[in-house]
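All values reported here derive from a predicted model rather than from experimental measurement. In this chain, numbering begins with 1 at the start of the sequence shown.
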Amino acid sequence: MTITTLVVDDEPIARHAVVRLLRNDPDIELVGECGDGVSAVEAIRSMSPDLVFLDIQMPAITGLDVVATIGAARMPATVFVTAYEQFAVRAFEANAVDYLVKPFGRDRFAETLRRAKQRLALGHDTDAIPRIMQVLESLRQRHDYLDRIPVREDEKVVFVAVDDIVWIRANRNTVRLHLADRTCELRETMTALVERLDPRHFARVHRSAIINVRRVSAIHPWFNGYHVVTMDTGQQLRMSRYQHEAFLRLVTTQRAE
């Protein structure tokens, strides 16, 4: 069985590493290399390879965009290649989708290629489509969350990294971002903002307060089922008793990562 294979990666060293290992396999016929998402889409459409090694993190058009453009149902068998990111690895493993983490060794590559060959030998895998879609949705949601928030200070707009936010307080149709050294006002409702923040890292402890879980130093019981959250800046916030159980689940998940 000859397996026509395409390699897509914007990093020449990583791409050549895959190519070099593939050339050692007599079952593989290398039909092309691509260094960007646009050429990858064109190559997949024109060559219809059996197998694609597809880098996730590429500028402009990512590996996710390539799959979305081609359509999961029309994609060849795919091995996703990614720099180490535990969230992505968990998504691949949970949905039984083949992946490689850069940098990878010869043994790991051989095992991944063996699994890909097994799946190809079994013929068209209709179950692969929903699995891939599930992974892509997980990764896309992950990358859709805000990394920075533009806020106006004096006569200029500055970008606040979400990691620098200690907690957020709602005030009618605005919110105040509390940083370690200052506060910033943002003209947005709390409801709209919370939808754009990564729920693994931000938790609502009160109707009018969101905290950065990574900035929590302690949680103390108070009374009547309430708790007090102490941030790493020393600030203390009362946590609604209705939010306590959900918040503890979030903190447990965060520490497990």
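- No side-chain heavy atom of Ile168 sits under 4.5 Å from any side-chain heavy atom of Arg176.
- One distance of note links NE2 of His201 with CG of Asn212; it measures 8.0 Å at 0.5 Å rounding.
- For the atom pair Ile219 CD1 and Leu237 CG, the distance stands at 11.5 Å (nearest 0.5 Å).
- Taking CD1 from Ile28 and OG1 from Thr5, the interatomic distance works out to 3.5 Å, rounded to the nearest 0.5 Å.
- Side-chain contact between Val216 and Ile211: present, with at least one pair of heavy atoms (C-beta onward) separated by less than 4.5 Å.
- A side chain to side chain contact (heavy atoms under 4.5 Å, CB included) with Ile44 holds for exactly one of Val67, Ile70, Thr78, Val8; it is Ile70.
- The shortest side-chain heavy-atom distance between Gln236 and Met231 does not fall under the 4.5 Å cut-off.
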Next on the checklist: Does Met190 form a side-chain contact (heavy atoms from CB on, under 4.5 Å) with Arg204? I'd like the steps, not just the answer.
Outcome noted: CA-CA 10 Å; Met190 181 75 93; Arg204 198 163 194 162; 3.3 Å; yes
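- Considering only heavy atoms from C-beta on, Val101 stays 4.5 Å or farther from Val81 through its side chain.
- When each of Asn173, Asn171, Leu177 is checked for a side chain to side chain contact (heavy atoms under 4.5 Å, CB included) with Val175, only Leu177 meets the rule.
- Taking the six-membered ring for Trp and the full ring otherwise, the centers of Phe109 and Phe53 sit less than 6.0 Å from each other.
- A donor-acceptor pair under 3.5 Å is formed between the side chain of Ser217 and the backbone N or O of Thr230.
- What you find for Leu51 and Pro76 is that their closest heavy atoms are N-CB, 4.2 Å.
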Checklist entry - Please walk me through it: do Val158 and Lys156 pass side-chain contact (heavy atoms from CB on, under 4.5 Å)? => result CA-CA 6 Å; Val158 299; Lys156 62 182 183 297; 3.8 Å; yes
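- In this structure, Arg15 does not pair ionically with Asp55, as no charged nitrogen and carboxylate oxygen lie closer than 4.0 Å.
- A heavy-atom distance below 4.5 Å is not found between the side chains of Lys117 and Leu122.
- A salt bridge links Glu188 to Arg196: at least one charged side-chain nitrogen sits closer than 4.0 Å to a carboxylate oxygen.
- Put simply, the side chain of Glu33 reaches to within 4.5 Å of the side chain of His16, judged on heavy atoms.
- Between the side chains of Glu29 and Thr2, no donor-acceptor pair of N or O atoms lies under 3.5 Å.
- Side-chain atoms of Arg115 do not come within 3.5 Å of backbone N or O of Gln118 as any donor-acceptor pair.
- Taking CG from Leu193 and OG1 from Thr174, the interatomic distance works out to 11.5 Å, rounded to the nearest 0.5 Å.
- For the pair Thr62 and Ile56, the minimum side-chain heavy-atom distance is 4.5 Å or more.
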Next on the checklist: One pair to check against side-chain contact (heavy atoms from CB on, under 4.5 Å): Val66 and Thr69. What are the steps and the verdict?
Outcome noted: CA-CA 5 Å; Val66 170; Thr69 302; 5.8 Å; no
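- A salt bridge is absent between Glu111 and Arg108; no separation between the charged side-chain nitrogens and carboxylate oxygens falls under 4.0 Å.
- A pairwise comparison of heavy atoms in Ala180 and Arg215 identifies CB-NH2, 4.1 Å as the closest pair.
- Taking CZ of Arg114 as the reference point, atom CG of Asp25 lies at 12.5 Å (rounded to 0.5 Å).
- Judged purely by distance below 3.5 Å, without hydrogens or angles, the side chains of Arg169 and His178 never pair a donor atom with an acceptor atom.
- Nearest heavy atoms, Trp222 versus Val228: CG-CG2, 4.0 Å.
- Between Leu54 and Gly63 the shortest heavy-atom distance is CD2-O, 3.6 Å.
- Here the closest non-hydrogen pair linking Pro150 and Leu186 is O-CD1, 3.5 Å.
- One finds the CH2 atom of Trp167 at 11.0 Å from the CD1 atom of Ile210 (value rounded to the nearest 0.5 Å).
- Between Val166 and Leu179 there is no side-chain heavy-atom pair separated by less than 4.5 Å.
- Heavy-atom minimum distance, Asp10 versus Met58: OD1-CG, 3.6 Å.
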Item to check | Intermediate values then yes/no, side-chain contact (heavy atoms from CB on, under 4.5 Å), Arg45 and Arg74 | outcome: CA-CA 9 Å; Arg45 285 175 171 169; Arg74 295 184 296 277; over 6 Å; no
